[in-house]
Amino acid sequence: MALESNLKNFYIADEQSIYLLSANDAKKLRDWVELCKTQLQKMGYSQVEMLGKGAYGFVFVGTDKNQTERVFKFSRITLPQNVRERLEEEGYMLNLLSHPNIPGFIAFENIKKQGILVMQRGQGIDLHELSKLRGRLPVNTVVKIAIQLANIIKYLRQFTMLSVNGQYETKPIVHGDIKPSNLMWDEQSEVLSLIDWGSCVFAQLDENAQPIANNVMELMSADMQNTNARLGDVYFIGDDQLNGGLSNSRFDEQGAAATLYAIASNQNCRYGYNAIPPSSLGLPKAFAQTLTHLLSDDTKANVEDNIKNVQAKQKAGDQFIQHVQQMESWFLPELKLQPESAYIPIWNKRSESKLDTVVYSSRKSFLRQQGIHSDLHSIKDAQLDKYYKNYLQGMGDNEKAFVAAVSRLSEFPIVGGFAIHWLPDGMYVDSNLNLFDDVYRKSVTETVNNIIDIARALDLRDGTFKSCLFDAKNTIHVERKNEQEHFELKQIPSIPFEVTHVPQMEEGKHHSYFEDGDDPDERLQLPKQIMTHIVALNEIRHTGCIIFEVLPKHLKIHNYYNLLDKTKVTEFEFHLKGILTNLKYINGIGVSGFMKLPYKDAKMFAYQDCRAELFYPQNPKLFIQND
Ligand SMILES: Nc1ncnc2c1ncn2[C@@H]1O[C@H](COP(=O)(O)OP(=O)(O)OP(=O)(O)O)[C@@H](O)[C@H]1O
């Protein structure tokens, strides 16, 4: 296999939407993807497509001459050498494994600095995508996934390999990063595949916390002071792995429990378990209890409780692995246990093109009051939510779950926004959410309901949180050579807006842009030449947002507008244009945003600690008869 030398110019893709990259960066990314595809085609593979990308690599699929699909994982060239070498280690570990739920190793190629791991394809779509599409997965599917996960973990726990002295030795393996996006599910065959072995290591401890050593020499030479574990996704790993514990089989039980909880509740992390407990998800009681124990946190008030908690966790982990046969015998027809209706309205809209939603949240200070890292100030990006992952430590679990649920909204084609106000007598939500593809209605409804139920469980009685969702394809980009230059548009584009006339009578009061005063989270001060137009816009009946994101060489103006007074079209256009003609006066770096929402859909919610209990009935036949 020979790859051209220009492959060495691999480019680290920004995790942002491609529409938010500067023109140059977006081009580099597209070129890079094309280059990979061309190279794979030259190597004799046809039907080459990009399958996905992760923090460490880009993944493609192609078909070989025997009509067999192969998956290619390219490590990002701009990662440090020691991180890139991990792809080879990933290949080494994968090569040891042989299990029907693990797509096998084919080859590892190292051309110049570019490593490529070639492997079998896991069929279907990953569980993150599946739950986005279907919402909460049916109980029957969750249990089928649980059974296969338990079988994989059992196989890894009991893994043996031939040692140098010709004998088979127990060498338990830890995957270390079990999460929905690393599990492929084929809906036809109902087969699960565990992929991404990039965090995989030989366990240092067995499931009883005993060092793994097949002989005295091995025991003496083993480093039991330092963990060999890799950090998996902080949204899914357990406390022990997060806190640098020695690697052990319990890590994967944690990843599995968090995954099962996430797909059963339509969330993208483990942290919502207090506000939306496993016991509220309509799961079989025994299964829900196992998940509850496995997800519970290790930081109980006193040592005795902590020990008890760890023991209960281990017992639940063992039960999970051992009760596969029992789970296989469960009869779990799909039941409508509780109708799921949206807590707040979600309007249907149509669009010719596909949306690329970005969520921007303002007034996040209340989260910081809960202990969030003060370094947050140094981040000057409108997509702040995506960075939250790095700032989770120090926040309460409910806050983490809330942030994760809000950022999950960006995965759907939605624009609009919502504001949550925590007041002494209850929580008030004003919203304007417009969904552009009804396929996602169930999933979006559940996500929005999750946001609200988690918000109701936050220990807050005073505070406001605002979130605005816009289509990144409408973002206006202006570039400059350096910070000393002004931003200037050669041609003034128009900021698009919809017009939905709402008679004054119905419309009621509006949130003003300015009612909450300056947002303490926003660092950018806009010049008066722009503010005049923003103040004038505020007087016109509309809903929407405008966010200025100023970087040293790049200005992004994110926007979403819906004018609610058809008599004001010209005036509205005039002020939007006025904003763009005055960009040259912008000084400083940072973010500044303005959002306006209608009051008319305001809904009040009582506070609650957690969602009510709901189990799958012991006798589903009886439930069907009575239904
Ligand atoms: N063997 C495979 N079969 C099918 N799809 C795959 C396979 N390997 C990877 N993918 C797809 O590519 C995506 C990214 O792959 P992977 O998770 O291995 O990358 P990563 O950079 O290690 O990701 P992460 O950020 O999760 O660490 C997966 O979510 C999946 O959709």
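One-based numbering, in listed order, for ligands and for the atoms of each.
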Short list, please: which atoms of ligand 1 are under 4.0 Å from a heavy atom of Asn182? 17 (O), 26 (O)
For the NZ atom on Lys154, are there more than 12 heavy atoms of other groups (residues, nucleotides or ligands in this structure) within a distance under 6.0 Å? no
Residue part near ligand 1, for Asp233, under 4.0 Å between non-hydrogen atoms: neither
Salt-bridge contact Arg270-Asp239 (side-chain N to carboxylate O under 4.0 Å): no
Given the side-chain rings of Phe60 and Tyr45, with only the six-membered ring counted for Trp, is the space between their centroids under 6.0 Å? no
Looking only at heavy atoms of Lys179, does any of them come nearer than 4.0 Å to an atom of ligand 1? yes
Shortest reach to atom 28 (C) of ligand 1 by a heavy atom, considering only Ile195, Asp196, Val59: Ile195
Which residues pass the side chain to side chain contact (heavy atoms under 4.5 Å, CB included) test with Glu334, not counting sequence neighbours? Pro138
Applying a strict 4.0 Å limit to heavy atoms, is Ser181 in contact with ligand 1? yes
Tell me if the NZ atom of Lys553 is crowded by more than 12 foreign heavy atoms within 6.0 Å. no
One finds that the ligand 1 atoms under 4.0 Å from a non-hydrogen atom of Asp126 are 29 (O), 31 (O)
Give the C-alpha distance, both sets of side-chain angles, the deciding distance and a yes or no for side-chain hydrogen bond (donor to acceptor under 3.5 Å, both in side chains) between Asn182 and Asp233. CA-CA 10 Å; Asn182 284 341; Asp233 191 321; over 6 Å; no
For Met119, the ligand 1 atoms with a heavy-atom partner under 4.0 Å come out as 1 (N), 8 (N)
Under 4.0 Å from a heavy atom of Leu51: give me the atoms of ligand 1 that qualify, with their elements. 4 (C), 5 (N), 6 (C)
Gln120 heavy atom under 4.0 Å from ligand 1: yes
Basic-acidic side-chain contact under 4.0 Å: Arg157, Glu253: yes
Atoms of ligand 1 close to Arg121 [distance to a heavy atom under 4.0 angstrom, numbered from 1]: 3 (N), 4 (C)
